[in-house]
Asker: 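Structure incoming, see below.
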Amino acid sequence: MVERLLGRHGAVEDHRDDPVSAVWAHVQQARNLKRPHTLELLKAMADEFIELHGDRLFGDDTAIVAGLARIAGRRIVVVGFQKGQDTEENIRRNFGLPHPDGYRKAMRVMDLAERFSMPILTFVDVQGAFPGAAAEERGIAEAIAKSVGLMTRLRTPIVVVITGEGGSGGALGLAVGDTIIALENSIYSVISPEGCATILWRSGEQSHEAATAMKVTAGEQQELGIVDIVIPEPGDGAHTDPVETARRIKEVVLERLDVLGRMTIDELVEARFQKFRVMGPYVVADRPTPPQERASITDRLRGLLSTRPSMPSMPGGGHDVPPGREEV
Amino acid sequence: MVERLLGRHGAVEDHRDDPVSAVWAHVQQARNLKRPHTLELLKAMADEFIELHGDRLFGDDTAIVAGLARIAGRRIVVVGFQKGQDTEENIRRNFGLPHPDGYRKAMRVMDLAERFSMPILTFVDVQGAFPGAAAEERGIAEAIAKSVGLMTRLRTPIVVVITGEGGSGGALGLAVGDTIIALENSIYSVISPEGCATILWRSGEQSHEAATAMKVTAGEQQELGIVDIVIPEPGDGAHTDPVETARRIKEVVLERLDVLGRMTIDELVEARFQKFRVMGPYVVADRPTPPQERASITDRLRGLLSTRPSMPSMPGGGHDVPPGREEV
Amino acid sequence: MPVRLPFRPRRDAYPPDLWTKCPGCAEMLFNKQLDKTLRVCPHCGHHFRISARMRVEQLVDQGSFVERDADLAPVDTLGFVDLKSYPDRLLAAQLSTGLRDAAVWGVAAMGGKRISLCVMDFFFIGGSMGSVVGEKVARAGEAAVAERIPLLIVSSSGGARMQEGTYSLMQLVKTMSVVERVKAARVPFISVMTDPTTGGVFASFAVVGDVNLAEPNALIRFAGDRVSAGTIGEELPPGYARAEFWISHGFVDRIVARAKLRDEIVSLLGFLIAPINGPTEPAPNPTSRPRAFFSALTGALSPDSNGESHPADTAAPRGGTTNG
Amino acid sequence: MPVRLPFRPRRDAYPPDLWTKCPGCAEMLFNKQLDKTLRVCPHCGHHFRISARMRVEQLVDQGSFVERDADLAPVDTLGFVDLKSYPDRLLAAQLSTGLRDAAVWGVAAMGGKRISLCVMDFFFIGGSMGSVVGEKVARAGEAAVAERIPLLIVSSSGGARMQEGTYSLMQLVKTMSVVERVKAARVPFISVMTDPTTGGVFASFAVVGDVNLAEPNALIRFAGDRVSAGTIGEELPPGYARAEFWISHGFVDRIVARAKLRDEIVSLLGFLIAPINGPTEPAPNPTSRPRAFFSALTGALSPDSNGESHPADTAAPRGGTTNG
Ligand SMILES: [Zn+2]
Ligand SMILES: [Zn+2]
């Protein structure tokens with residue numbers, strides 16, 4: 001994936017032998033403000049879009065848009081992050097950094113989707129939630145937690161498309177679904193590479209290394225089982241042909257909605273639950289004795305250094321989980 | 001009721017023959033800041049009270065308190081307005097004028113009551129919701145509407161006690177229940193007498209007349225079928241013996257909870273719905289012809305001046321509705 | 001054939017051959033032209049207040065509105081007298097509007113889709129909500145549930161009707177209890193807030209639509225100026241809490257100009273009504289804009305017209321409403 | 001009989017015969033005395049961070065805790081290396097804490113009431129949430145639903161564990177999906193936030209308890225200082241977003257001093273567990289405060305103690321957590 005990207009970019013072709021630089025080029029591509037965001041993609045994909053405003057509690061966050069779209073004749077609730085493509089729009093969109101009102105608006109509109117039997121499509125492209133006091137004190141943490149929780153149980157199909165930056169909890173607030181799609185040049189990470197470097201390397205200058213270590217690229221995330229489908233980007237990247245990008249997304253989204261639509265709602269929600277329930281590998285250490293409820297902690301400690309590898313059970317049977325290593 | 005009140009108040013005894021002044025004395029009694037509010041009553045009634053704070057959205061409104069109380073061994077969720085009894089507390093309590101956060105906190109805690117099978121007891125004593133921009137722009141209207149709506153459908157018994165001022169929508173936000181109890185000297189009105197006078201008499205000076213015209217006293221509200229039970233106050237009013245006042249409230253509340261507890265939850269919620277569904281008398285005008293769906297408006301207008309009296313149907317069969325007059 | 005009743009001219013009956021001064025831009029507008037623009041000033045976009053009947057006519061498919069419960073009429077249970085008696089106020093309002101109270105409800109079609117529709121009339125005692133208005137809203141909601149058709153309520157109200165005392169306050173409970181059943185039944189509810197939507201109407205059904213629409217510049221508030229000033233001494237800026245304010249504060253989804261209101265509602269209905277057969281549905285039939293359903297009646301109801309125009313629709317009628 | 005493993009002293013193992021300087025008031029505190037006050041400074045009320053085991057011991061009825069899934073251990077799926085490799089960090093944390101990862105869960109009794117309990121341990125890589133922590137929280141929630149017993153989670157975490165990449169982010173989904181099932185089952189969930197509860201733990205299960213409790217002065221935040229400063233250049237005041245802040249901002253129900261925490265939780269359980277027989281229930285039996293359940297182990301786990309005290313618990317351990 002990375003190689004393909006580099007093959008099209010003369011400027012960074014020098015880094016072909018330098019994986020760290022190649023990953024960083026990918027990160028920069030994902031952050032290109034000219035990439036199409038939710039409204040640009042919708043313009044190309046949807047026959048009709050009625051934007052709904054407001055969280056019915058406090059405000060209308062312009063960094064998250066939500067509404068009712070008709071795509072290929074289907075009624076679909078669309079929610080997504082909206083960065084600006086120029087300075088003026090960026091200011092109006094608060095630089096694409098959402099506040100609690102954004103997630104609360106999303107929840108309100110996603111609730112309409114469930115109540116009126118519309119599937120949900122989300123577009124994810126956000127550096128992270130607004131990290132300042134205005135968001136903190138009005139409960140950005142609660143808003144993200146509630147939105148994540150809601151999306152795990154909504155009784156309607158949910159397709160997520162990561163189109164650019166899948167940044168941390170701020171992205172996750174709209175990124176829980178039955179199918180997780182990512183554009184080829186997008187990234188997904190638990191913290192920004194800069195933030196990771198600052199904390200772990202004690203210097204922001206190691207952000208390239210951090211991006212590499214976290215395996216942030218769409219292709220790597222697919223290998224890890226976090227992303228289900230990677231969509232190749234046209235030309236020199238999504239920003240060079242937004243219409244073709246939208247066409248490719250539309251094709252995959254509609255195909256996935258068809259598949260998901262053939263499941264019963266109960267099956268769908270249970271499969272979504274299981275999909276995330278099994279995410280995250282761990283091992284089960286050897287037990288010194290057969291399971292005993294009152295095993296003393298000293299017994300457990302004796303077994304600490306000897307482990308046997310184990311895979312998490314996968315009741316949903318849906319997604320591959322990469323093998324855990326046996327480092328412990 | 002008014003006579004009894006006057007009989008105990010030398011200062012206003014002069015007004016015995018002046019019903020307007022008598023009503024105003026009642027209003028002043030209802031507004032006496034020394035009357036026991038939610039926390040004072042709870043102190044006398046409850047063996048245990050754990051106050052819960054915060055709406056999980058924006059703030060913690062100190063003008064509304066909510067929590068878990070144990071009264072006579074029963075688990076009861078209590079929500080109520082809290083005015084201060086002195087200037088310092090009044091400032092801390094925002095003069096007892098609630099913001100949206102207050103009603104949202106109340107809703108959150110009342111939801112716990114339903115989920116964990118606790119009845120709800122509310123104490124109502126409020127001039128009205130905070131009427132300034134801070135409450136308006138964060139949706140005081142939405143908060144009251146949602147709280148009213150929630151209380152109409154909560155699947156647990158709700159007993160409301162109006163202890164002082166039952167002021168307008170601000171009071172109503174916590175005043176929907178299966179049984180509406182009022183202390184003898186309390187008032188209940190759709191708008192403050194001062195506000196009513198300003199609008200209808202075009203002068204605040206007619207507030208006494210407005211209070212009289214609106215029939216604000218607890219006894220009158222009982223006659224109108226809005227209030228179910230009026231509890232006589234001890235001594236010269238609730239403020240002269242808060243402990244005895246609390247004892248009387250406790251006795252009636254527990255008796256009502258016993259009665260309500262014998263209903264199934266479905267019966268309870270349906271009866272509550274019907275109780276309010278039939279409130280508000282109207283008449284049905286004579287129709288010039290048998291009902292015809294496409295009756296022209298001119299036909300209807302012909303029938304306008306001739307009406308026949310009618311009572312609203314009372315599917316629940318619960319509460320008396322006073323007869324409508326035939327003024328139309 | 002006009003029916004000659006001793007009615008005063010309705011406030012929104014602008015004689016077609018006279019002129020009205022726009023309160024927004026002070027232009028003189030020819031009334032016949034103003035009717036063609038749905039009572040919206042072609043110069044500045046000022047939305048004149050309109051009667052419930054004109055609103056119905058502007059919104060629904062031509063001839064599709066079937067009114068229900070037109071025979072419900074208010075009563076003066078409290079024997080309420082301020083500067084006038086409540087019965088006198090009622091009679092005056094009934095004569096001037098041709099309505100028995102401040103709301104009209106029925107079933108209709110919009111873009112071919114059947115809906116339950118309730119429209120308030122500000123010209124009837126400031127659109128204040130008493131027992132009849134509450135009853136009609138409730139019945140509209142119950143019909144929506146029973147027939148599983150969307151509920152559309154167009155609000156225009158100064159608040160609760162003080163002359164009915166706490167009965168009017170109880171209409172907040174009555175209407176919300178039915179709205180809760182509408183929501184539980186997963187029946188769509190579109191709320192349209194027009195100038196003004198204040199007090200107890202804003203604080204009950206009007207604010208809790210699945211989608212909340214508002215006409216441009218509509219005043220939407222809970223607490224009235226007089227209450228704010230009287231209680232906390234706070235003076236709010238003029239024009240505080242208009243429709244656009246509520247977009248940025250999160251309580252209104254969309255501001256919709258009157259000329260687009262019908263189409264927008266039809267579009268929303270296309271989303272909120274789940275198709276019966278499968279995930280896709282046919283595109284809605286193109287529907288002609290409704291023509292004047294009530295036009296004959298409008299003439300019939302203003303026989304005693306004295307030729308005055310009534311531009312003062314921005315001044316709230318006193319005499320029956322409470323904000324807050 | 002102490003087991004001699006090559007463990008470093010645990011950070012919360014204060015040798016009983018030495019002194020610790022209080023970071024709150026700079027008083028020198030005799031460690032034996034500090035243990036008697038549950039690691040709360042008797043002078044200024046500073047709440048020292050404590051291990052998961054000590055927390056369990058302080059909360060539950062003596063001897064009632066039965067740990068489950070103690071054998072779950074983390075893996076380095078990404079092959080993550082920063083200044084140290086993730087396996088090295090894990091091993092160091094395992095040796096110093098005696099835990100396999102940063103959470104312990106099991107069933108226990110409090111005031112005689114059976115509960116499902118999960119406690120995080122900040123001394124294990126900053127209490128960061130990776131796959132094992134997420135799994136334990138999820139299993140604790142699932143057990144609460146299966147056995148219909150209340151869920152109690154005591155959080156102490158710097159956030160998600162970066163070394164597990166997006167797997168750690170997915171633990172927010174995993175834990176919230178189970179919490180949603182706990183709520184749907186009407187099983188009570190009490191969340192206790194202790195110093196610190198930040199990042200992805202605050203933004204998932206910790207903030208959504210039916211009742212949210214917090215220890216005094218606990219740092220509770222989503223976005224870390226470094227993220228705020230790096231992204232928007234906003235410097236937040238020192239001490240921003242402590243527990244008391246969250247009372248006034250509506251996200252914490254009660255601040256509870258450690259000495260009262262157990263009794264308060266027992267009281268809450270008395271409300272949130274519906275009695276089986278009728279509307280009233282007998283008063284809970286007075287229960288003795290728990291005695292040192294893990295005290296022998298505490299000794300066993302610090303054989304190589306070099307006598308140092310560890311007062312630096314207010315400095316967040318680097319090396320594994322993300323805020324925001
Ligand atoms: Zn104009
Ligand atoms: Zn100290």
Side-chain angles (χ1 to χ4, degrees), chain A residues 127-133 136-137 139-142 144-146 148-149 152-153 168-169 172 176 188-191 194-196 198-202 204 213-215 221 224 226 273 276-277 279-285 287 293-295 297-298 300-304 307 322 324-325 327-328, chain D residues 3 5 66 70-78 80-83 87 90 94 98 100 130-132 134-135 138 160 162 164-174 176-177 179-180 200 202-204 207-208 221-223 226-228 230-232 234 236 241 249 251 297 300 318-319 322 324:
Chain A
Q127 188 180 347
F130 182 78
E136 184 75 67
E137 67 195 25
I140 189 68
E142 191 265 3
I144 290 173
K146 283 277 178 70
V148 166
T152 65
R153 65 175 159 81
S168 177
L172 188 68
V176 179
Y188 201 5
S189 64
V190 64
I191 183 173
E194 291 83 355
C196 180
T198 304
I199 297 171
L200 291 187
W201 278 263
R202 310 190 183 185
M214 290 195 293
K215 300 191 188 300
Q221 290 296 309
L224 291 172
I226 305 289
F273 176 82
F276 289 96
R277 179 66 188 81
M279 273 193 186
Y282 52 84
V283 294
V284 179
R287 300 181 192 221
E293 279 252 303
R294 290 186 176 261
I297 195 156
T298 45
R300 293 190 292 99
L301 291 177
R302 279 195 196 97
L304 184 68
T307 60
R325 301 186 189 180
E327 262 78 342
V328 177
Chain D
V3 182
L5 292 175
V66 179
D71 50 358
L72 298 191
V75 291
D76 176 29
T77 313
L78 271 57
F80 196 99
V81 180
D82 48 82
L83 299 181
L90 286 174
Q94 287 164 339
R100 287 204 174 82
S131 298
V132 169
E135 185 68 24
M162 288 173 284
E164 297 188 17
T166 42
Y167 286 134
S168 62
L169 188 62
M170 293 304 130
Q171 304 315 304
L172 278 68
V173 190
K174 180 193 285 183
M176 278 308 301
S177 70
V179 166
E180 292 288 348
F202 182 38
S204 57
V207 74
V208 296
R221 278 182 69 173
F222 177 59
R226 283 175 287 239
V227 173
S228 294
T231 308
I232 56 171
E234 180 173 330
L236 297 173
H249 285 86
F251 293 91
L297 293 171
R318 284 171 176 272
T322 156

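Proteins get letters first, then strands, A, B, ... in listed order; numbering begins at 1 in each. Note that these values count all heavy atoms, side chains included, but never hydrogens, waters or copies made by symmetry.
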Asker: Any idea which of D/L83, D/V207, D/V173 has the most non-hydrogen atom pairs under 4.5 angstrom with chain A?
Answerer: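 The option with the most such pairs is D/V173.
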Asker: Which pair of non-hydrogen atoms, one from D/F222 and one from A/A141, has the smallest distance, and what is that distance?
Answerer: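 Reported closest heavy-atom pair: CB-CB, 4.0 Å.
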Asker: Let me know if D/F202 has heavy atoms under 4.5 Å from chain A in its side chain, its backbone, both or neither.
Answerer: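 Contact with chain A involves both backbone and side-chain atoms of D/F202.
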Asker: Answer with side chain, backbone, both or neither: which region of A/R277 has an atom nearer than 4.5 Å to a non-hydrogen atom of chain D?
Answerer: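 Its backbone and side chain both get close to chain D.
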Asker: With a 4.5 angstrom heavy-atom cut-off, could you sort out which part of D/V179 is near chain A: side chain, backbone, both or neither?
Answerer: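 Neither part; nothing is under 4.5 Å.
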Asker: For the side chain of A/E136 and the backbone of D/A223, is there at least one donor-acceptor N/O pair under 3.5 Å apart?
Answerer: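 Flag set: sc A/E136 to bb D/A223 pair under 3.5 Å.
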Asker: Tell me, side chain or backbone of A/E194 under 4.5 Å from chain D's heavy atoms, or both, or neither?
Answerer: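 Nothing of A/E194, per the 4.5 Å heavy-atom cut-off to chain D.
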Asker: Can you give me the closest heavy-atom contact between D/E180 and A/T152, atom names plus distance?
Answerer: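 The answer is CG-OG1, 3.8 Å.
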Asker: Which residues satisfy the side-chain hydrogen bond (donor to acceptor under 3.5 Å, both in side chains) test with D/S177, sequence neighbours excluded?
Answerer: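 For D/S177 there are no side-chain hydrogen bond (donor to acceptor under 3.5 Å, both in side chains) partners, ignoring immediate neighbours.
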Asker: In chain order, what residues pass the side-chain hydrogen bond (donor to acceptor under 3.5 Å, both in side chains) check against D/T166, with sequence neighbours excluded?
Answerer: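 With sequence neighbours excluded, D/T166 shows a side-chain hydrogen bond (donor to acceptor under 3.5 Å, both in side chains) to A/Q221, given in chain and number order.
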Asker: Considering only NZ, NE, NH1 and NH2 on the basic side and carboxylate oxygens on the acidic side, decide whether D/R221 and A/E137 come within less than 4.0 Å.
Answerer: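 Salt bridge absent between D/R221 and A/E137.
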Asker: Any side-chain to backbone donor/acceptor pair from D/E135 onto A/P281? Under 3.5 Å, distance only.
Answerer: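 No; zero donor-acceptor contacts below 3.5 Å.
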